[in-house]
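Working notes, structure below.
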Amino acid sequence: MEKSGNNLSENVKDYLERIIASTANMQKLIDDLLSFSRTASAEKKLIPFDLNSLLDEVKKSMKYTLEEQNVTIISDHLPVLKIIPFQFQQLLENIIGNAVKYSRTDVNPVITITSEVVTGKDYTAEGADYKKNYNKLSVTDNGIGFEQEYAKKIFEIFQRLHGKNEYSGTGIGLAICKKIVENHEGFITAQSRKGEGAVFNIFIPL
Amino acid sequence: MQYDSLHILLADDDPDDRLFFKYAIEELKIKPIVSTVNDGVELMAYLTKPEVVLPHVVFLDLNMPRKGGMECLKEIRTNKLFKDLSVAIYSTSGSEKDIEESFVLGANIYIRKPNDFNSLKKILAEVININWQYHTSGLNKENFVLSI
């Protein structure tokens, strides 16, 4: 289309652009669905893994996006956890990816990752086992945030808070995150206020 | 009902679907007034505006950001203000669960989004010609899903 762009009528150009955008969306949808179904069916083999080196991997694989958007990632010294490494990497990539995607236009994205040990009995409402301790990993961003009433809904598959024209996406990313955390027998929560950034908390049993 | 004043409201988050809907309506013999909103939150805000002139038929997509079609349907059917409002579910989904649920919640008709423009025109022509009062009184699960 770019080649013969000048010879096409405006109408035809508009249609072609829509077709190209739709097929790109469809491609993305297929990729995301495959990724979702793989996450659901994958073998659950937990191995002790250093989250610091996992985060380095994430930064490496997202290098281009992070540089292009001037993203700063600040992180605590992170623990070694029993995880499914490639799934956990995808989990962090999805959450950091969202922080970048839903960033504000007036400030550079800053993402803070903190880690602490908490007891399950403080989080039974969220689905924690009161007998267990959890490692709570919090990923905080300074993006556009969302209204707290949607904090649960965003983890459901195909749920989105924005029109396709505003932010592209298939509504699968956070459903994958939830599935991954559940594969680790943990849980994930989100807190936000519109315009004031968001915090995603990942709880993994110790 | 005066057909030249039929007012249709479409709630759909997909910009292409909104556009095709308008194009298809423009090519019909009877041209209703069409307004569109982009999701369920916008729909409910539109319908509850104090100065609103309610549409005759709402075309309701199911999967939308912020508030989906099912939630809207529930709110519409539990508000007396909307007792005369006809609701046509307008979705890509053909799942039994969605059909069953929207029937139970009180939708008037279930339309699967067609894949081509001519079928869309036929479907919209059909829907516009429905005598809603008659249709609704004889509604059952067999005639709930519109097929052309």
Chain B contacts, top residue of A:Lys164, A:Arg18, A:Glu147 (heavy-atom pairs, under 4.5 Å) | A:Arg18

Over 12 non-hydrogen atoms of neighbours within 6.0 angstrom of [atom1] in [X]:
| X | atom1 | value |
| --- | --- | --- |
| A:Lys179 | NZ | no |
| A:Lys178 | NZ | no |
| B:Glu75 | CD | yes |
| B:Glu96 | CD | no |
| B:Asp116 | CG | yes |
| A:Lys82 | NZ | no |
| A:Lys45 | NZ | no |

Which bit of A:Tyr167 comes within less than 4.5 Å of chain B, counting heavy atoms only: side chain, backbone, both or neither?
-> neither

To the nearest 0.5 Å, how far apart are CD in A:Gln159 and NZ in B:Lys67?
-> 12.5 Å

Find the distance between CG (B:Leu19) and CG (A:Asp14) and round it off to the nearest 0.5 Å.
-> 7.0 Å

Closest heavy-atom contact between [X] and [Y]?
| X | Y | value |
| --- | --- | --- |
| A:Tyr150 | B:Val41 | OH-CG2, 3.7 Å |
| A:Ser22 | B:Asp16 | OG-OD2, 3.2 Å |
| A:Asn165 | B:Pro15 | OD1-CG, 3.2 Å |

Against chain A, label B:Asn38 side chain, backbone, both or neither, depending on which of its atoms sit under 4.5 Å from a heavy atom there.
-> neither

Under 3.5 Å, is there a donor-acceptor pair between the side chain of A:Lys153 and the main chain of B:Arg66?
-> yes

